[in-house]
Participant: 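Just passing along the structure, written as structure tokens.
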Number of protein chains: 2
Amino acid sequence: MLSKKTKYGLKALTYLASQEENIPVQIAEIAQHENISQKFLESILLSLRKTGFLGSKKGKGGGYYLIKDPNEILMTDVMRILEGPISLVPCVSLNFYEKCDDCPDEASCSVNKLMLKIRDANLEVYRNNTLADLIL
Amino acid sequence: MLSKKTKYGLKALTYLASQEENIPVQIAEIAQHENISQKFLESILLSLRKTGFLGSKKGKGGGYYLIKDPNEILMTDVMRILEGPISLVPCVSLNFYEKCDDCPDEASCSVNKLMLKIRDANLEVYRNNTLADLIL
DNA sequence: AATTATCCCATCAACTTAATAGAGTAAACA
DNA sequence: TGTTTACTCTATTAAGTTGATGGGATAATT
């Protein structure tokens, strides 16, 4: 299941992408428009800012705004920040590789085999979709 | 992340598929061979039996065995039993469809749009892989 | 009857998620 | 300069899920 964090994050990014560029949008406005708990959205936007997707401005007229062009925001990057590894199993992860503690040999592991295919299928989608593609 | 239930279930199925047909294999043997908690595996195999993948036999010489040919066991079916819906969001699920409570309109939802593509990509993999494909 | 191994109940600790509260900081404006 | 505005940060918490375990019931061999 997709976490609400990711769901909310994607919705917020989409909302920002549909706004005029570089005009800060307040958390409250996004939260209201997208039916999101404002406090929860706060922390999500913060993490998107810290990872270089968003800029922010404090005080009156402040808010969050996209830093990059929506065409250049890849879903691979967004998903890794919001949802974590794209792989369902660490032993097939490109960015978060880890050996499975219970598995003696990856080469002969049936789960590894299947999850490798799933990883590639998902990467294919995320790599070929930018934030711009999510806007109607 | 893939649940351990699914991981263990897949490993157990693979192990059974590599055995002689119709010869029951004991839980203990599978658990030992695949490094799985025996008690946990018990409940997994039980659910695979109740859903028509496995047969079982009690008493001495008992155990679990595959009912169908590995070539005819689709990963779509296995995954739905072990892991649940293939879709990451209920609003794009074929078998477990549900409207999102927070989303007023699916047609204009960016999450829906992306997750539809992910669902199709995953279905493509699971539909084209049988248990037989997992065996080396 | 005794042994073997599945069946099925119920419990439990650990972890994660989603949400909330509240105090701190920086910018704008009068 | 002081007040308002809105992001920043930490901490807490309720609820749910996961993975594991224990114990007894049931059925099939020997």
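Note: hydrogens, waters and symmetry copies are ignored here, and every other heavy atom, side chains too, is used. Proteins get letters first, then strands, A, B, ... in listed order; numbering begins at 1 in each.
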Participant: How long is the line joining CD of A/Glu29 and P of D/dC7, in whole Å?
Facilitator: 10 Å
Participant: Is it true that B/Glu98 and B/Ser93 share a donor-acceptor pair across their side chains at a distance under 3.5 Å?
Facilitator: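 No, because no side-chain N or O of B/Ser93 sits under 3.5 Å from a partner of the opposite role on B/Glu98.
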Participant: In terms of the nearest nucleotide of DNA chain D, which residue is placed more toward the 5' end: B/Lys60 or A/Ile27?
Facilitator: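 Residue closer to the 5' terminus by nearest nucleotide: A/Ile27.
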Participant: Can you say whether the rings of A/Tyr15 and A/His33 are parallel (under 30°), tilted (30 to 60°) or perpendicular (over 60°)?
Facilitator: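 Because their plane-to-plane angle lies in the 30° to 60° range, the rings of A/Tyr15 and A/His33 count as tilted.
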Participant: Ignoring hydrogens and geometry beyond distance, is a side-chain donor-acceptor pair present between A/Glu72 and A/Thr130 at under 3.5 Å?
Facilitator: no
Participant: Both B/Leu46 and A/Lys57 contact DNA chain C. Which one's nearest nucleotide lies toward the 5' end?
Facilitator: B/Leu46
Participant: In whole angstroms, how far is the C1' atom of D/dT18 from the CE atom of A/Met1?
Facilitator: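 After rounding, the gap between these two atoms is 16 Å.
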Participant: Heavy atoms under 4.0 Å is the rule here; annotate nucleotides 15-23 of chain C 5' to 3' with B where the base is hit, S where only the sugar-phosphate is, and - elsewhere.
Facilitator: ---SSBBB-
Participant: Between atom CZ in A/Arg49 and atom C1' in D/dC7, what is the gap in whole Å?
Facilitator: 9 Å
Participant: Starting at atom CD of A/Gln26, determine the distance to atom C1' of C/dA28, rounded to an integer number of angstrom.
Facilitator: 13 Å
Participant: Calculate the interatomic distance between A/Tyr64 atom OH and D/dT8 atom C1'; express it in whole Å.
Facilitator: 7 Å
Participant: Specify the separation, in whole Å, of atom CG of B/Leu41 and atom C1' of C/dT6.
Facilitator: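 Answer to the nearest Å: 12 Å.
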Participant: OP1, OP2 of C/dC8 versus side-chain N and O of B/Lys50: anything below 4.0 Å?
Facilitator: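 Yes.
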Participant: I'd like to check A/Ile30 versus A/Leu45 (side-chain heavy atoms, cut-off strictly below 4.5 Å). Are they in contact?
Facilitator: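 Counting from C-beta outward, A/Ile30 and A/Leu45 do come under 4.5 Å.
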Participant: Tell me whether A/Ser87 contacts the main-chain N or O of A/Pro90 through its side chain, where contact means a donor paired with an acceptor under 3.5 Å.
Facilitator: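 No, because the side chain of A/Ser87 does not come within donor-acceptor range (under 3.5 Å) of the backbone of A/Pro90.
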Participant: Determine, for A/Phe53 and A/Lys68, whether the Lys NZ or Arg CZ falls below 6.0 Å from the six-membered ring centre while staying within 45 degrees of the axis.
Facilitator: yes
